[in-house]
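Residue numbering restarts at 1 for every chain, and letters A, B, ... go by the order of the sequence lines.
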Amino acid sequence: MPFKRYVEIGRVALVNYGKDYGRLVVIVDVLDMNRVLVDAPNMVRGQMNLKRLSLTDIKVDIEKAPKKKALIEAMEAADVKNKWENSSWGRKLIVQKRRAALNDFDRFKIMLAKIKKSGAVKQELSKLKKQAA
Amino acid sequence: MVQYRFHQYQVVGRALPNEAVEHPKIYRMKLWATNEVRAKSKFWYFLRKLKKVKKSNGQVLAINEIYEKKPTEIKNYGIWLRYQSRTGYHNMYKEYRDTTLNGAVEHMYNEMASRHRVRAPCIQIIKTATVPDELCKRESTKQFHSADIKFPMVFKKVRPPTRKLKTTYKAKKPNLFM
């Protein structure tokens, strides 16, 4: 299987370990085989080990080590935020966050909604069974 | 930021004034040490070898830590060093790509320890410099100079996001493809 996601200037990655866990960052320059210079709109540009990054499919069109303003403009142009939130990976993370932030009343509402949904599914199933029989 | 073991200090000192010499020459040195006390000690060690002055008849006028001017830019650092091996003294030139000089020096100490079994007290840094891309000598730094550098991550290291979630056994085999 050939590789589709490369470590390159402009690749968007997700931090999967450490203090900045869960943040989307852009690879802005490559230090050496293990480390990259990484930047995001709300953080100071810094180096990060590639072991802490999961590459995504999104790529931003920038030159090596752009200024912060240029980086933010390029991220707007590539529509990183929307692409991420509409991708299946991004959506899963959003759902995880919402589930972690539920309070008891929300969980009660979810319980009712699940019961209703499974009731509707079972009704349809029994209808189809009757037709088949 | 990262905690570096070695800090860069600027130490300024001179011999004490006496009747023969009213205003002795002032010497300034940039060196690496883990703390200020050690920096002053190293200053006298090197100055003794160069000039006829000792700590007992000299004074340190100033000691300041030198910080990195642009820690968000990647630079190529060349480090010239003199180290003591089991059989004698040797000179060496090493290159590192890093954002800060302290980081490159720390990298150098670790690399000397691992590759040549040379401990920190046996290393003397002669000179450090920021080397522009064209003048780099080592292939391993030159290969990262291209503007459209691109390589895949061949092996995905699967690890839990916090040490708390670490267990000896997991339910599923990990997916190692990036």
Side-chain angles (χ1 to χ4, degrees), chain A residues 1-23 25-40 43-57 59 61-68 70-71 89 93 96-97 100, chain B residues 1-4 68-77 94-104 106-108 110-111 114 130-133 136 138-166 174-178:
Chain A
M1 278 178 296
F3 295 101
K4 287 200 216 95
R5 297 175 186 168
Y6 292 87
V7 173
E8 52 195 331
I9 294 171
R11 174 69 55 181
V12 173
L14 185 71
V15 180
N16 59 23
Y17 190 89
K19 199 166 68 87
D20 294 313
Y21 177 68
R23 202 200 280 263
V25 293
V26 178
I27 294 178
V28 141
D29 203 348
V30 171
L31 264 162
D32 61 25
M33 198 176 78
N34 294 321
R35 296 176 296 163
V36 288
L37 198 59
V38 128
D39 205 357
M43 71 182 242
V44 180
R45 183 176 290 190
Q47 57 170 300
M48 209 171 246
N49 196 315
L50 281 174
K51 289 186 181 172
R52 292 196 175 192
L53 294 177
S54 304
L55 306 178
T56 65
D57 287 324
K59 196 163 159 342
D61 188 19
I62 50 172
E63 298 168 357
K64 188 152 80 145
K67 289 206 195 310
K68 199 69 171 232
L71 174 70
W89 186 358
L93 287 188
Q96 277 177 12
K97 278 206 195 107
Chain B
M1 276 299 315
V2 192
Q3 291 287 48
Y4 292 120
E68 183 68 34
K69 212 164 186 190
K70 291 202 183 147
T72 53
E73 263 179 31
I74 298 181
K75 301 169 249 335
N76 311 302
Y77 292 104
K94 288 190 151 295
E95 272 178 15
Y96 298 100
R97 263 173 79 78
D98 206 317
T99 49
T100 63
L101 187 45
N102 285 350
E106 172 120 5
H107 198 172
M108 182 275 291
N110 288 336
E111 195 176 2
S114 60
T130 324
V131 184
D133 284 359
C136 279
R138 306 286 185 241
E139 279 304 318
S140 55
T141 49
K142 291 206 286 199
Q143 67 180 332
F144 292 103
H145 284 160
S146 74
D148 41 308
I149 183 165
K150 176 169 152 175
F151 56 88
M153 277 165 60
V154 178
F155 173 74
K156 174 169 80 164
K157 187 179 160 84
V158 180
R159 68 175 165 174
T162 54
R163 300 246 0 218
K164 220 170 183 186
L165 300 167
K166 178 180 166 191
N175 174 25
L176 300 169
F177 181 67
M178 200 34 238

**Request:** Let me know if N76(B) has heavy atoms under 4.5 Å from chain A in its side chain, its backbone, both or neither.
**Result:** neither

**Fill in**
Minimal heavy-atom distance between F3(A) and P152(B), with the atoms involved, is CG-CB, 3.5 Å

**Minimum heavy-atom distance P161(B)-Y17(A), with the two atoms named** = O-CD1, 3.6 Å

**Engaged part of R35(A) at the chain B interface, taking heavy atoms whose separation is under 4.5 Å** =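 The side chain, not the backbone.
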
**Message:** Less than 4.5 Å to any heavy atom of chain B: does that hold for the side chain of K64(A), its backbone, both, or neither?
**Reply:** side chain

**Message:** I'd like to verify something: which residue of N16(A), I9(A), L37(A) has the highest number of heavy-atom pairs under 4.5 Å with chain B?
**Reply:**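 Heavy-atom pairs under 4.5 Å are most numerous for L37(A).
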
**Message:** Distance check, rounded to the nearest 0.5 Å: Q47(A) atom CD versus D98(B) atom CG?
**Reply:**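 Output value for this atom pair is 5.0 Å.
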
**Asked** Hey, does K150(B) have a side-chain heavy atom less than 4.5 Å from the side chain of V7(A)?
**Response** no

**Message:** Between M153(B) and L55(A), does the side-chain contact (heavy atoms from CB on, under 4.5 Å) criterion hold? Intermediate values first, please.
**Reply:** CA-CA 9 Å; M153(B) 277 165 60; L55(A) 306 178; 3.9 Å; yes

**Asked** Considering residues, nucleotides and ligands other than E68(B), do more than 12 of their heavy atoms fall under 6.0 Å from its CD?
**Response**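 Enclosed.
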
**Message:** Other residues, nucleotides and ligands only: do more than 12 of their heavy atoms fall within 6.0 Å of NZ on K68(A)?
**Reply:**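 Yes - once you tally the heavy atoms of other residues, nucleotides and ligands closer than 6.0 Å, there are more than 12.
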
**Message:** Only pairs of heavy atoms separated by less than 4.5 Å count here; which of Q143(B), R97(B), R159(B), E73(B) has the most with chain A?
**Reply:** R159(B)

**Request:** Could you please state which residues from residues 26-34 of chain A sit under 4.5 angstrom from chain B, measuring non-hydrogen atom to non-hydrogen atom, sorted by number, or 'none'?
**Result:**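 Those residues of residues 26-34 of chain A which have a heavy atom under 4.5 Å from chain B are D29(A), V30(A), L31(A), D32(A), M33(A).
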
